[in-house]
Amino acid sequence: MKLSQVAVQLYTVRQHTQTLEGLADTLKKIRAIGYEAVEIATCPGTPEEWLRLTKEANIKICSLHDSCEEILRDPEAITKRLLALGDVQTTVYSHPDGIDVSNPPEVEDLVKKLDQAGRVVHAAGRTLCYHNHSFEFVRHGDTGKLVLEYIFDKIDPRYLQGELDTYWIQHGGCDPVNWIKRMKNRLPILHIKDYASYKGQPVISEIGKGNLNWKKILGAAEESGTKWYVVEQDTTPGDPLESLKISFDYISKNLLS
């Protein structure tokens, strides 16, 4: 993993990016920490404004988390927005909102719609990814497969790639390293998020402050062809920018190749 491949998921700093002015200021602060790229999520503005603000901050956009409902309902609009970001290759379906993944018919419907959306995105020369949480690590009906396995097995890799999340894999009772290896050549983006314990409860922590084996995780990701490593911290003990700096310092000192 090279520094130029490390990005920040802007959901981490959502409290600072409620306005375009806040987004502009936060992008500059993220760049000052040392990060060279961001993944857009929950941000105000248009693709044209995102491009202008990231250019002013001297930071790249690696990918886009867009409306999950719109990805399924109107993938053409999603694709148009993605194309407006120039050379950004990937849009991400980040959460199956309103879908009960323990209900097989609802999973079947999700698979059908993701496949249709992925075909539209692929036809435009771009990629649709699926980002997991821990609730997909339940068995799908009588197939014997985990829901996440089932989704990826049912859809052609051309139409659906992965954006695995290390914390949520661990939280779901699985091994991030094994899942990363399973997704070889299908994992352009990896969310790197550490897993810690506080008073017996799992918590999301800064990189290096949890118990995940980052050497093995990143080694597997490099073998799988991962292009982007996105730092995300859903919750932080204080200012998320401080947590991002802690993660950056650990990454830059211990994990870069």
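Sorted by first and then second residue, the pairs that involve residues 17-38 and meet ring-ring contact (aromatic ring centres under 6.0 Å, His included), not counting sequence neighbours, are Tyr35-Phe248. Among pairs with a residue in residues 41-52, those fulfilling salt bridge (Lys or Arg N to Asp or Glu O under 4.0 Å) read Arg52-Glu56, at least two apart in sequence or across chains.
Here the closest non-hydrogen pair linking Asn132 and Leu164 is OD1-CA, 3.2 Å. Here the closest heavy-atom approach between residue Ala24 and residue Leu53 is recorded as CB-CD2, 3.8 Å. Nearest heavy atom pair, residue Asp66 against residue Ile71, reads O-CD1, 4.3 Å.
Shown here are the side chain to side chain contact (heavy atoms under 4.5 Å, CB included) partners of Glu76, two or more places apart in sequence or in another chain: Asp74, Val120. Shown here are the side chain to side chain contact (heavy atoms under 4.5 Å, CB included) partners of Lys80, two or more places apart in sequence or in another chain: there are none. Asp156 is linked by a side-chain hydrogen bond (donor to acceptor under 3.5 Å, both in side chains) to Arg158, counting only residues two or more places apart in sequence or in another chain. Under the salt bridge (charged side-chain N to carboxylate O under 4.0 Å, His left out) criterion, Lys29 pairs with Asp25, not counting sequence neighbours. Take Lys216 and apply the side chain to side chain contact (heavy atoms under 4.5 Å, CB included) test, not counting sequence neighbours, and it matches Val177, Asn213. Qualifying side-chain hydrogen bond (donor to acceptor under 3.5 Å, both in side chains) partners for Glu69, counting only residues two or more places apart in sequence or in other chains: Arg73. Annotation: side chain to side chain contact (heavy atoms under 4.5 Å, CB included) contacts of Asn103 (sequence neighbours excluded): Asp100, Pro105, Glu106. With sequence neighbours excluded, the residues that form a side-chain hydrogen bond (donor to acceptor under 3.5 Å, both in side chains) with His191 are Glu39, His131, Glu163, Glu232. Asp249 meets the side-chain hydrogen bond (donor to acceptor under 3.5 Å, both in side chains) test with Lys245; sequence neighbours excluded.
A distance of 6.0 Å or more separates the ring centres of Trp214 and Tyr229.
Checking side-chain atoms of Thr166 against main-chain N and O of Lys193 turns up a donor-acceptor pair under 3.5 Å. For Thr143 (side chain) and Lys145 (main-chain N/O), a donor-acceptor pair under 3.5 Å exists by modelled atom type. With Thr226 contributing its side chain and Glu222 its backbone, the two residues share no donor-acceptor pair below 3.5 Å. Looking only at distances, no side-chain donor or acceptor of Thr26 sits under 3.5 Å from a matching main-chain atom of Leu23. The main-chain N or O of Val111 is never found under 3.5 Å from a side-chain atom of Asp115 such that the two would form a donor-acceptor pair. A donor-acceptor pair under 3.5 Å is formed between the side chain of Arg139 and the backbone N or O of Gly144. Within the 3.5 Å criterion, the main-chain N or O of Thr46 finds no donor-acceptor partner in the side chain of Arg81.
For the atom pair CD1 (Ile30) and NE2 (His16), the distance works out to 9.0 Å, reported to the nearest 0.5 Å. One distance of note links SG of Cys43 with CH2 of Trp50; it measures 7.0 Å at 0.5 Å rounding.
Using a cut-off of 4.0 Å between Lys/Arg side-chain N and Asp/Glu carboxylate O, Asp87 and Lys60 are scored as not salt-bridged.
Under the 4.5 Å side-chain contact rule for hydrophobic residues, Tyr159 and Leu114 share a cluster.
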Legend entry - Check against side chain to side chain contact (heavy atoms under 4.5 Å, CB included), Ile40 and His65: CA-CA 6 Å; Ile40 297 289; His65 276 211; over 6 Å; no
Inset, instruction - Could you check Gln170 against Tyr167 for side chain to side chain contact (heavy atoms under 4.5 Å, CB included), going step by step and ending with a plain yes or no? - result: CA-CA 5 Å; Gln170 185 81 6; Tyr167 173 89; 5.9 Å; no
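Ring geometry for Phe137 versus Trp179: interplanar angle over 60°, hence perpendicular rather than tilted (30 to 60°).
Glu136 and Tyr130 share a side-chain donor-acceptor pair at under 3.5 Å. The closest side-chain donor-acceptor pair between His122 and Gln161, if any, does not fall under 3.5 angstrom.
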Residues 197-208, side-chain donor-acceptor partners within the protein, below 3.5 Å, at least two apart:
from   : atom 1 : to     : atom 2 : distance (Å)
Ser205 : OG     : Gly210 : N      : 3.4
Glu206 : OE2    : Gln233 : NE2    : 3.4
Glu206 : OE2    : Ser243 : OG     : 2.6

